[in-house]
Number of protein chains: 2
Amino acid sequence: MKTLTLPPQAAQVGLAVDVAAFAMHESELQVLLVQRGTLPHAQVWALPGGFVQLHEELHEAALRELREETSISLEPRHLEQFYTFGAPERDPRGRIVSVAHLAVLPHGTVQVTGGSGTLAAGWFPAHTPPPLAFDHAQILERALRRLQTRLEYAQLALEFLPETFTLPELQEVHEAILAKKLDKRNFRKRLLAQGLLILSGERRNGVGRPAQLYRRSKTARRTTV
Amino acid sequence: MKTLTLPPQAAQVGLAVDVAAFAMHESELQVLLVQRGTLPHAQVWALPGGFVQLHEELHEAALRELREETSISLEPRHLEQFYTFGAPERDPRGRIVSVAHLAVLPHGTVQVTGGSGTLAAGWFPAHTPPPLAFDHAQILERALRRLQTRLEYAQLALEFLPETFTLPELQEVHEAILAKKLDKRNFRKRLLAQGLLILSGERRNGVGRPAQLYRRSKTARRTTV
DNA sequence: GCAAAAGTGTTGCGTGTACACCCATGC
DNA sequence: GCATGGGTGTACACGCAACACTTTTGC
């Protein structure tokens, strides 16, 4: 390992990343959790995360921990850092600061198993999670708020869905994230007015009247920050 | 110094805070910079900042560095963490991750001098700063964007002004942050409709017609974290 | 009385919201 | 033919942007 030349006043802190990874399952917004295999908080559920390596970008560390601890195969469709948690006593092992990330996993990310250091991995209702280790309940809460505000501007909801999807499915994603019902007509009007969706022409068979399929237009690029 | 029991895989990184502190001077949005006294980037201007101490909250570290390096006396009226910069090569001394903070200093924070480790401190136009050390130009840019989005919702602009102020003064703050002119009538209508301002009755003498003085209503709370 | 800055209203447009019925399909 | 979910339009409220003249003071 390379030796560093940090100034003497640099406190020795551990730098970690934690990831709140969301996906839609059964019309509900779910969050990916792992069951810790080691102390502290052994057997307690927690957000996947771990220590950043020396020459690793923060978002790379987040991706790596997500893969290592949950054995997911699909790449997240969205990944952003959203807050850094650094209260001195947040981790009993010492001073550990965590850069928290928000991830969106695409539809179909169902199978998860425990990975290195974890007993298990699984999906849980994002708005009503089980008891969580460390300050992860706070982290999750803030992740949800960020997800909600992101939804207003961007086309982030599309990242939860497969290539083609129906408008009722898209509305379900919005309703799951915002935790409230939306008006069908207003929702359609608003979404179609944005010009991000193009009609895919085909139809999908279900129980009632078949829904029209859409896909995201290639020009879905507007990240007006 | 207390010995920590960090897990072996915890990379040894330095944890720093940097502060983009803004104030209004001469109808312009200004940012507080310090001239570095040590390598690397000696004599180059930079955002005030430094290493977090072991048992210190992140925002406390930000406040401490601000005071130590710039000798300001007034407390910031707003302080929030807004992004964490962690590119592996952002600091030539080694892996140093910086939790960047946004601060608003009240009107009257004029005198600043260099402090420990800095040659000088001074105010610079926030939208057109001098060359900056490390990745501080990026940090400042993101701080400005955050300031602009904060302005929409909150009463953050009030933090730039003294106890009592006039509507033209408040409009100047908004215009300086957004870097664009606003319509006087629309601005007044919008701000007064929010109910955050109460008429202070007095008047202030100037060149033309005197302006009415306002103060913030009691329900407008401070936003320092 | 004139220069300089403060103050004041109306209109149009776009956006969001409330709200109820018909349509296409499987069984 | 009926149960199931998909699809459609209008009317009102609200917020935002555009726009020009009068008022109060100092000199």
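Throughout, a chain's letter reflects where its sequence line sits, starting with A, and its residues are numbered from 1. All values below were derived from every heavy atom in this structure, side-chain atoms included, with hydrogens, water molecules and symmetry-related copies excluded.
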End-to-end bend of the helix from dG1(C)-dC27(D) to dC27(C)-dG1(D) (five-pair axes, 10° rounding)? 10°
Around atom CD of E75(A), are there more than 12 heavy atoms from other residues, nucleotides or ligands closer than 6.0 Å? yes
Do other residues, nucleotides or ligands put more than 12 heavy atoms under 6.0 Å from the CD atom of Q148(A)? yes
Nearest whole Å is fine: how far is [N] [atom2] from [X] [atom1]?
| X | N | atom1 | atom2 | answer |
| --- | --- | --- | --- | --- |
| E169(B) | dA6(C) | CD | C1' | 12 Å |
| L170(B) | dG7(C) | CG | C1' | 15 Å |
| L191(A) | dG16(C) | CG | P | 11 Å |
| R204(B) | dG7(C) | CZ | P | 11 Å |
| F187(B) | dG15(D) | CZ | C1' | 16 Å |
| R190(A) | dT8(D) | CZ | P | 17 Å |
| L182(A) | dA18(C) | CG | C1' | 14 Å |

Please check if any side-chain donor atom of E69(A) sits under 3.5 Å from a side-chain acceptor atom of T118(A), or the reverse. no
Just checking, is any N or O donor in the side chain of T84(B) or T84(A) under 3.5 Å from an acceptor N or O on the other one? yes
Criterion side-chain contact (heavy atoms from CB on, under 4.5 Å) against H78(B), the qualifying member of L105(B), V104(B), L158(B): V104(B)
Could you pull out the protein-nucleic contacts involving nucleotides 8-15 of chain C (nitrogen or oxygen on both sides, under 3.5 Å)?
unit_1, atom_1, unit_2, atom_2, d
dT10(C), O4, K189(B), NZ, 2.9

Assign each of G208(B) and V207(A) the nucleotide of DNA chain D bearing its closest heavy atom; nearer the 5' end lies the nucleotide of V207(A)
Polar pair under 3.5 Å, donor/acceptor by atom type, side chain R209(A), base dT4(D): no
R142(A) NZ/CZ over Y83(A) ring centroid, <6.0 Å and within 45° of normal: yes
Can you tell whether the side chains of R64(A) and E57(A) come within less than 4.0 Å, N to carboxylate O? no
Is the closest side-chain heavy-atom distance between P129(B) and H136(B) below 4.5 Å? no
In terms of relative ring orientation, are F85(B) and F82(B) parallel, tilted or perpendicular, with 30° and 60° separating the classes? perpendicular
